[in-house]
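Notes follow the structure.
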Amino acid sequence: MISLKLILKNIEIEKIAGSMDTNIEIENLTYDSRTATFKSLFIAIRGNSYDGHNYIESAIENGACAIVCEELPKKISPSVSYILTKDSHYSLGVIASNYYDNPSNKIKLVGITGTNGKTTTVTLLYNLFTDLGYKCGLISTIENYVGKVRVEATHTTPDPLSLNNLLYQMNLEGCEYCFMEVSSHALSQERVSGLTFYGAIFSNITHDHLDYHKTFIEYIKAKKRLFDTLDKNAFALINSDDKNGETMIQNCNAKVYRYSTHSPADFNCKIVEKGMDGMQLNIGGTEIWSRFIGEHNAYNLLAVYATAILLNAQHDQVLTSLSKMGSVAGRLEYTKGAEDLTVFVDYAHTPDALENVLKTLNDSSQGRELITVFGCGGNRDRSKRPKMGQIAAKYSTKIVVTSDNPRFEDPDLIIEEIKEGLTAVERMKALFITDRREAIRTAIAIAPKEAVILIAGK
């Protein structure tokens, strides 16, 4: 239990109504009135499809003794404390951090933001520092880890209560580091407010999530917020080959470092040799063989190396460990199939990511046929559907267009919008199979010996 007064530390309070006793003990935090219990603090959040302010009375009926809100209800109970604030989303993050005794202050929390490369980078950092003998935490799209205990992931960046609870569990486990994906949605929705980041990484930015952010400028601004929160003791690491990297660090208080594969920077990498089974890299003046393929993975490995050095790991130990690591699940994940087929599974679900993966496979496949299975998600930016069709057709011998997490849309209509990006000639080398499992089976069935198959997206 913790007093309401301590929970409200660093919150901008405009007014307190009802009970003025801020010394009451709080046993539970919630922004869902259905989970409110005795001595709960209920935070009223305005979402896209609901407004928590409509459920304040319900939370009180379930036992809530304190309410944080942006608008006071008409009915004020004298036994309940109502805390009026301008921004409940921001307050939720700070409150959650206070409730769990500010767990990010007791761990070296490193966040990465960008359109592509987040999952690979944080997973490799977690694996690297675990291999170096440190207890670590991981917060990613695929999975979360508290030490070596796996915790299922439901969002790229969890809600503030789940996030601070994860960090608190890492504190209890004695974790020294936590490596975390920080999505643009999370930054816009203040899910990381109240956290102290030891370092932040910017990978790249391309057109994505415009269904949510509406404009590319707003998308960039959302990413930048991670760097705006850094203090002078933190580090900011940016990919200087992406022109938006410099935007991220404008007015940034942290110590800034840059990494690049094309121009002089604090950390550099060069691809010496590449093939289907890996590539020879020169990182920091030392050559290593990596089982990863593609220029985008050279960037990911360089970001991991640079971060490790900034966290005082030793150059030789870092490169030795990285040379032993294989692909991250769903990120150019390699499988050798029958008839000498080579199958890759990759999460690529944006035009830029799909193009990067297909360029990589074409570059490494030495003229072998390339069959791509892909689709587009529903209730997301529709403008990228024909673009992804164009890209898949441009770089593939054959394409199989299928369903990919249609959500609330008709998958056949999504496929029709992808088809609009194909010319009459390109449609002749395309198959359109809505059932994803059947689409994958078909791709394997039609593949000639030694072909390469990419299964992209979901």
Side-chain angles (χ1 to χ4, degrees), residues 116 120 271 273-280 289-298 326-377 384-404 411 414-458:
N116 302 312
T120 297
I271 301 175
E273 182 184 340
K274 49 192 171 185
M276 289 297 284
D277 58 344
M279 53 188 172
Q280 188 82 9
W289 177 259
S290 168
R291 286 186 280 167
F292 290 83
I293 66 171
E295 185 178 24
H296 65 291
N297 272 322
S327 59
V328 175
R331 269 63 180 177
L332 265 182
E333 190 175 358
Y334 169 90
T335 302
K336 192 70 176 176
E339 297 296 327
D340 292 323
L341 296 178
T342 300
V343 181
F344 288 91
V345 177
D346 193 273
Y347 180 61
H349 63 289
T350 65
D352 179 70
L354 184 63
E355 186 167 27
N356 284 339
V357 170
L358 288 172
K359 279 183 176 179
T360 294
L361 294 179
N362 271 297
D363 203 28
S364 307
S365 63
Q366 300 172 329
R368 296 159 69 179
E369 288 206 25
L370 174 57
I371 300 173
T372 300
V373 181
F374 79 105
C376 291
K384 67 184 182 183
R385 294 171 185 173
K387 293 177 185 176
M388 289 181 69
Q390 291 168 0
I391 290 165
K394 178 180 179 180
Y395 294 101
S396 310
T397 312
K398 294 184 179 72
I399 62 174
V400 183
V401 184
T402 188
S403 179
D404 185 345
I414 295 174
I415 290 172
E416 285 299 316
E417 292 189 351
I418 295 172
K419 190 187 291 187
E420 289 174 7
L422 306 178
T423 65
V425 173
E426 289 170 338
R427 291 184 190 191
M428 293 177 65
K429 67 176 184 179
L431 294 173
F432 304 94
I433 303 172
T434 306
D435 184 282
R436 190 173 180 86
R437 188 180 296 272
E438 187 58 35
I440 294 169
R441 282 201 191 101
T442 301
I444 294 169
I446 66 175
K449 190 175 181 180
E450 296 187 345
V452 177
I453 298 174
L454 170 65
I455 302 171
K458 176 178 171 182

Taking all non-hydrogen atoms of both residues, which atom of [X] and which atom of [Y] are closest, and how far apart?
{"X": "Ile446", "Y": "Leu431", "answer": "CD1-CD1, 4.0 Å"}
{"X": "Gly278", "Y": "Ile293", "answer": "N-CG2, 3.4 Å"}
{"X": "Ile414", "Y": "Cys376", "answer": "CG2-O, 3.5 Å"}
{"X": "Leu354", "Y": "Met388", "answer": "CD2-O, 3.8 Å"}
{"X": "Ala443", "Y": "Ile453", "answer": "O-CD1, 3.8 Å"}
{"X": "Asp435", "Y": "Arg437", "answer": "OD1-N, 3.2 Å"}

Expected output: side-chain [X] to main-chain [Y] donor-acceptor under 3.5 Å:
{"X": "Arg436", "Y": "Ser403", "result": "yes"}
{"X": "Thr372", "Y": "Ser396", "result": "no"}
{"X": "Thr397", "Y": "Ile371", "result": "no"}
{"X": "Asp404", "Y": "Lys458", "result": "yes"}
{"X": "Arg385", "Y": "Gly377", "result": "yes"}

task: Applying side-chain contact (heavy atoms from CB on, under 4.5 Å), run through Ile440 and Ile455 and close with a yes or a no.
output: CA-CA 8 Å; Ile440 294 169; Ile455 302 171; 3.8 Å; yes
- request: Please list all pairs passing the side chain to side chain donor-acceptor pair (under 3.5 Å) test where one or both residues lie in residues 441-454, with sequence neighbours left out.
  value: Glu438-Arg441
How about [X] and [Y]: do any of their side-chain heavy atoms sit closer than 4.5 Å?
{"X": "Trp289", "Y": "Asp277", "value": "yes"}
{"X": "Phe374", "Y": "Ile399", "value": "yes"}
{"X": "Met276", "Y": "Val452", "value": "yes"}
{"X": "Val401", "Y": "Ile433", "value": "no"}
{"X": "Tyr334", "Y": "Val345", "value": "no"}

message: So for atom NZ, which belongs to Lys394, do other residues, nucleotides or ligands contribute more than 12 heavy atoms lying within a distance under 6.0 Å?
response: no
- request: Output, in order, the C-alpha distance, side-chain angles, deciding distance and verdict of side-chain hydrogen bond (donor to acceptor under 3.5 Å, both in side chains) for Arg368 and Thr342.
  value: CA-CA 10 Å; Arg368 296 159 69 179; Thr342 300; 3.0 Å; yes
Within this structure, what is the [atom1]-[atom2] distance for the pair [X] and [Y], rounded to the nearest 0.5 Å?
{"X": "Lys398", "Y": "Glu369", "atom1": "NZ", "atom2": "CD", "value": "4.5 Å"}
{"X": "Met279", "Y": "Phe292", "atom1": "CE", "atom2": "CZ", "value": "8.0 Å"}
{"X": "Thr350", "Y": "Lys387", "atom1": "OG1", "atom2": "NZ", "value": "10.5 Å"}
{"X": "Thr335", "Y": "Glu333", "atom1": "OG1", "atom2": "CD", "value": "6.0 Å"}

Considering only distance and modelled atom types, tabulate donor-acceptor pairs under 3.5 Å from the side chains of residues 356-363, sequence neighbours left out.
residue, atom, partner, partner atom, Å
Asn356, ND2, Asp352, O, 3.4
Asn356, ND2, Asp352, OD2, 3.4
Thr360, OG1, Asn356, O, 2.8
Asn362, ND2, Leu358, O, 3.1
Asn362, ND2, Tyr395, O, 2.8
Asp363, OD2, Lys274, NZ, 2.5

- line: Contacts of Arg331 meeting salt bridge (charged side-chain N to carboxylate O under 4.0 Å, His left out) (sequence neighbours excluded), chain-then-number -> none
message: Please determine whether side-chain contact (heavy atoms from CB on, under 4.5 Å) holds for the pair Ile271 and Glu295, giving the CA-CA distance in whole Å, both sets of side-chain angles, and the decisive distance to 0.1 Å.
response: CA-CA 8 Å; Ile271 301 175; Glu295 185 178 24; 4.1 Å; yes
